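We use all heavy atoms of the structure for the numbers below, so side chains are in, but hydrogens, waters and symmetry mates are not. Fair warning: this is a prediction, and the values are worked out from it, not measured in the lab.
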Amino acid sequence: MPDQRLNFDVLVVGAGPAGIAAACIAAENRRTVAVVDNSPWLGGQIWRGIQTKTRGGTARHWLDRLQNSDVQIFSSATIFASPSANQLLAETPDGVLEFKWKKLVLATGARELFLPFPGWTLPGVMGPGGLHAMAKSGWPVAEKKVVIAGSGPLLLAVADGLKKEGARVSLVAEQANWSEVMRFGLSLLRHPRKLIQGVGIKSRIIGVPYHFGCWPVRANGSSQVESVTLTDGSRSWTVDCDYLACGFHLVPNLELPRLLGCAVSNGYVSVNEFQLTSVPDVFCAGEPTGIGGVDCALIEGQVAGWVAVEAPDYARKLFGLRADWHRFRASLHQAFALRPELRRLATPNTYVCRCEDVRLEDLSNCKSWRDTKLNTRCGMGSCQGRICGAAAEFLFGWKNDSVRPPLFPVRASSLAGKTDALPEITAEPNISSPT
Amino acid sequence: MPDRVTLFINGKPISVPVGSIVAAAVARSYPSCFHHSVHQESRSPLCGMGACFECCVTINGSPHRRSCLTLCEEGMEVLTGA
Amino acid sequence: MNPTFDIIIVGAGIVGAACAAECARAGLKVLVLDRGPVAGGTTGAGMGHIVVMDDSEAQFALTRYSRRLWHELRPDLPASAEYDQCGTLWVAADEQEMAEVRRKEKYYNQRGVRAEVLDARAVAAAEPYLRRNLAGGLRVVDDGVIYPPCAARYLIESAIAWKAQLRTGADVRALLREGGVVMADGSRFSAGIVVNAAGPWSPALIPGLPVRKRKGHLVITDRYPGQIHHQIIELGYLKSAHSVGTDSVAFNVQCRKTGQILIGSSRQYNEEGTEINHEILERMLQRAFEYMPGLAKLTVTRCWTGHRAATPDKLPLIGPVPDNEKIWLATGHEGLGITTSLATGKLLTDLLLERPTEISAEPYAPARLLQTNESAPEPCLTA
């Protein structure tokens with residue numbers, strides 16, 4: 001028996017831009033709406049920290065709209081199962097919530113792609129987006145030397161953000177070649193706002209070397225990262241750092257869509273022009289449908305919202321703008337495609353699965369993700385294959401399509417459909433402290 | 001309304017701004033080791049957003065809690081290095 | 001042209017692997033085929049207990065024999081097989097179950113299997129996280145647990161060391177009347193004898209074979225080392241395992257070497273799919289909390305399902321199919337496949353080579369369940 005049973009006309013999973021947009025539209029059209037997010041904040045990854053900003057801007061506009069609406073917000077609530085149709089269970093620090101919905105909007109966002117290379121498990125090696133997000137919540141970066149590496153426009157945005165927090169960003173190493181990124185840059189001419197954003201960022205980080213066509217081959221250090229060795233394919237050089245922020249663009253969070261049976265193609269949730277998935281009454285908007293950034297997510301969230309309130313004509317008004325952003329999305333995808341050298345960074349000794357310490361050499365007899373889970377413990381730890389699975393797909397081409405509840409590790413009592421209520425038989429011994 | 005919070009990392013009091021995550025408090029006291037891996041290597045957060053579980057610490061007696069998604073609260077007791 | 005083998009074993013789970021190892025060691029030319037990877041079926045999903053059970057004399061004899069074989073094999077097992085002789089603690093909830101505990105203690109000891117009765121205090125001392133007010137229990141000290149996929153792989157590798165061949169990703173479509181198999185791609189392998197060790201999928205090759213799929217759920221927690229010391233089973237497990245009809249759950253936990261706690265068990269017929277059935281999962285966990293309340297607070301990392309191969313009389317099928325000496329069975333082990341795999345391999349090989357068996361193989365003979373008349377199950381035979 002869950003602690004609370006809640007019914008909504010529209011349930012939105014994910015409080016990032018797509019989710020907030022969908023929720024606002026639905027609530028403004030007199031539907032009962034809930035937004036559920038597994039973090040304590042609103043804004044997802046890209047708008048992390050907007051609740052403390054008082055200036056205007058797109059993020060502030062949407063946050064104000066959300067907070068002025070009747071949307072009920074459930075933070076620190078992790079969706080972990082869907083035992084029956086139109087039902088989702090979420091675990092909170094105190095118990096379990098059961099949500100029943102008529103329309104569902106999945107706006108579960110994306111996470112960074114991490115690729116294994118020697119030293120990537122050293123403390124101080126983090127994702128760029130992750131480091132930036134944590135810095136906004138107090139992680140110490142002031143006066144710290146940071147090298148940013150990997151791929152994607154996020155690297156520049158993070159360089160900018162970290163500089164604002166007082167970090168000393170020594171360089172940004174983008175693995176894509178100059179020509180590819182330049183072509184992408186030129187395509188921004190069709191997206192003036194993005195271009196202005198880009199130029200603005202660039203001007204703030206003048207003085208930070210932005211290298212193309214280079215990537216990390218090794219993070220060095222004993223108890224934490226002290227330097228990173230980079231290469232451009234012919235020469236290598238080493239740069240001292242306190243943090244190495246390294247991520248290779250983004251992978252969509254598909255676990256909940258897959259659990260619900262949504263069709264996935266080419267690695268993204270398939271949606272029609274109304275952002276409807278293959279499952280009736282289930283919409284998907286934002287990064288899980290394609291990594292397109294915040295503006296794309298906002299439009300898609302609004303489309304989903306309008307269709308969820310059965311006003312498709314309003315949705316249609318956004319199709320032109322959405323098409324623009326989908327073109328942007330496609331050039332983004334092409335410009336920052338990952339180079340094959342990245343598949344050969346890991347040495348036999350390098351951990352591929354961090355949760356279970358499975359090395360590359362341990363995977364040598366494996367031919368598929370399923371094989372891997374039978375032969376080793378790769379993918380069977382707490383991250384449930386989120387980190388290593390995405391890496392393995394890039395490294396070996398192994399697809400991991402199977403998803404089972406719980407979508408995240410949860411208390412056994414939550415999975416049993418109840419809070420920590422004890423059976424009447426007896427008082428319990430204290431099992432929760434380790435060893 | 002206080003603008004700082006004091007919590008205990010391995011018994012040591014740490015004062016952080018309100019709105020800080022437990023991971024930030026740990027980083028300000030023991031930067032390198034949030035927990036140990038299966039082969040006893042020190043680990044520290046990777047993804048910063050609740051996917052990697054490398055930020056796990058014990059909070060008020062409950063182990064395996066993601067410190068990157070948990071806000072600091074007054075008097076919290078955090079143990080690292082498990 | 002594919003070479004002739006003495007034995008083709010269909011199924012590279014732990015039973016097929018044990019049969020392969022024994023046959024190859026005896027000098028037979030063996031081919032093992034599996035449509036998936038080694039241990040990709042029931043073996044990969046199971047709990048891995050090595051336990052002596054007494055539903056019948058025949059079950060007791062087989063589990064006792066096989067457990068002894070595991071003890072003998074232990075020094076050769078790799079560390080990855082994680083053999084742990086933690087012992088089984090059968091727990092009794094009330095006086096009625098304690099009477100059963102005392103009966104079991106006599107039964108086991110009379111048959112040379114060490115077992116000791118524990119009173120309520122001793123059970124609490126043996127396993128502090130069990131709820132208080134249990135009536136007591138039976139400790140079977142020489143039982144243990146193992147990590148099945150690695151054990152199966154070890155057995156397959158032993159077989160290969162004795163010149164057996166293995167093909168994974170090899171889908172057997174039909175058995176040949178004249179000895180051998182037809183593959184999904186139309187190719188054939190010929191053999192003197194084919195052993196159907198395909199577990200819950202055995203009836204696909206021999207329609208009408210009295211083996212039914214019996215679904216189970218398992219849950220594994222994060223690492224909590226030092227909290228559980230034995231494999232713990234409620235006495236009601238026997239009722240669950242040996243019930244023929246409805247869905248049932250029974251409390252059963254194991255501690256893995258990692259410190260992760262494996263929680264089971266559930267049984268369902270007529271559930272062919274592999275998806276999680278929440279209702280029975282919840283029942284299973286709630287049953288577990290009744291015995292070990294502290295489990296409720298632990299973090300669960302994963303849940304999964306598997307299908308056991310169940311026969312009507314709860315004993316496996318080991319031996320030739322009546323009226324066809326070219327088709328043999330090594331299947332139907334229900335929840336005792338890991339335990340009885342080694343004995344199955346030995347019995348099968350002894351029967352094949354017409355050597356005396358260490359225990360009587362009669363109770364497991366397929367002939368007991370397969371009649372030799374019109375309604376007999378026919379293998380999918382093609383010329």
Side-chain angles (χ1 to χ4, degrees), chain A residues 38-41 44-45 48-49 51-52 76 78 93 109 111-112 114 120-141 221 223-225 242 247 253 351 353-359 377 381-384 386-387 390 408-409 411 430 432-435, chain B residues 3-5 7 14-73 76-77 79-82:
Chain A
N38 67 0
S39 80
W41 312 280
Q45 299 315 308
R48 176 81 165 258
Q51 283 155 289
T52 54
S76 299
T78 302
R111 57 185 187 270
E112 296 182 275
F114 298 102
W120 77 298
T121 56
L122 280 170
V125 178
M126 289 172 269
L131 176 58
H132 189 200
M134 289 201 294
K136 291 184 201 168
S137 295
W139 186 278
V141 294
S223 61
Q224 58 193 73
V225 70
D242 298 310
N253 291 323
Y351 290 125
C353 168
R354 299 169 66 115
C355 296
E356 299 291 330
D357 275 358
V358 181
R359 299 188 158 103
R377 284 202 159 73
S382 298
C383 90
Q384 301 176 325
R386 281 179 171 84
I387 305 299
F408 280 94
R411 294 181 297 270
N430 183 6
S432 55
S433 47
T435 58
Chain B
D3 61 353
R4 294 192 79 82
V5 159
L7 62 159
I14 299 282
S15 167
V16 289
V18 161
S20 299
I21 46 180
V22 174
V26 174
R28 287 173 189 281
S29 51
Y30 286 89
S32 298
C33 181
F34 280 63
H35 78 107
H36 288 96
S37 72
V38 169
H39 292 159
Q40 297 308 310
E41 295 189 354
S42 285
R43 292 287 169 84
S44 181
L46 173 73
C47 78
M49 51 180 290
C52 74
F53 283 78
E54 294 278 46
C55 68
C56 283
V57 295
T58 300
I59 299 179
N60 292 343
S62 306
H64 312 302
R65 296 276 307 271
R66 286 172 287 178
S67 60
C68 73
L69 288 184
T70 311
L71 291 171
C72 293
E73 285 170 20
M76 229 176 203
E77 292 186 9
L79 298 174
T80 70

*If only atom types and distance count, is the side chain of B:R28 paired as donor or acceptor with the main-chain N or O of A:G138 below 3.5 Å?*
yes

*Only one of B:T70, B:L69, B:L71 forms a side-chain contact (heavy atoms from CB on, under 4.5 Å) with A:S39, so which one is it?*
B:L69

*Count the heavy-atom pairs under 4.5 Å between each of A:W41, A:W120, A:F114 and chain B, then report the option with the highest count.*
A:F114

*Contact leader toward chain B among A:G129, A:S137, A:P93, A:C383, where contacts are heavy-atom pairs under 4.5 Å*: A:S137

*Using non-hydrogen atoms only, which part of B:R65 is less than 4.5 Å away from chain A: side chain, backbone, both, or neither?*
neither

*asked:* If I take atom CG from residue B:L46 and atom CG from residue A:L131, how far apart are they, to the nearest 0.5 angstrom?
replied: 11.0 Å

*For the student: nearest non-hydrogen atoms of A:E112 and B:C47, plus distance*: OE1-O, 4.4 Å

*Give the minimum heavy-atom separation between A:D357 and B:H39, together with the two atoms involved.*
OD2-N, 2.7 Å

*Does any heavy atom of chain B fall under 4.5 Å from the side chain of A:E356, the backbone, both, or neither of them?*
both

_What's the separation between atom CE in A:M126 and atom SG in B:C68, rounded to the nearest 0.5 Å?_
11.5 Å

*What part of A:T78 lies closer than 4.5 angstrom to a heavy atom of chain B: side chain, backbone, both or neither?*
side chain

*Given side chains that start at C-beta, do those of B:P45 and A:W139 come closer than 4.5 Å, heavy atoms only?*
yes

*Region of A:R377 that comes under 4.5 Å of a non-hydrogen atom in chain B*: neither

*Decide yes or no for B:F53 and A:I387: does some side-chain heavy atom of the first lie under 4.5 Å from some side-chain heavy atom of the second?*
no

_Let's test your reading of the structure: which of B:G50, B:P17, B:A23 forms the most heavy-atom pairs below 4.5 Å with chain A?_
B:A23

*Are the side chain of B:R43 and the backbone N or O of A:R354 linked by a donor-acceptor pair below 3.5 Å?*
yes

*Is it the backbone or the side chain of A:R386 that comes under 4.5 Å from a heavy atom of chain B, or both, or neither?*
side chain

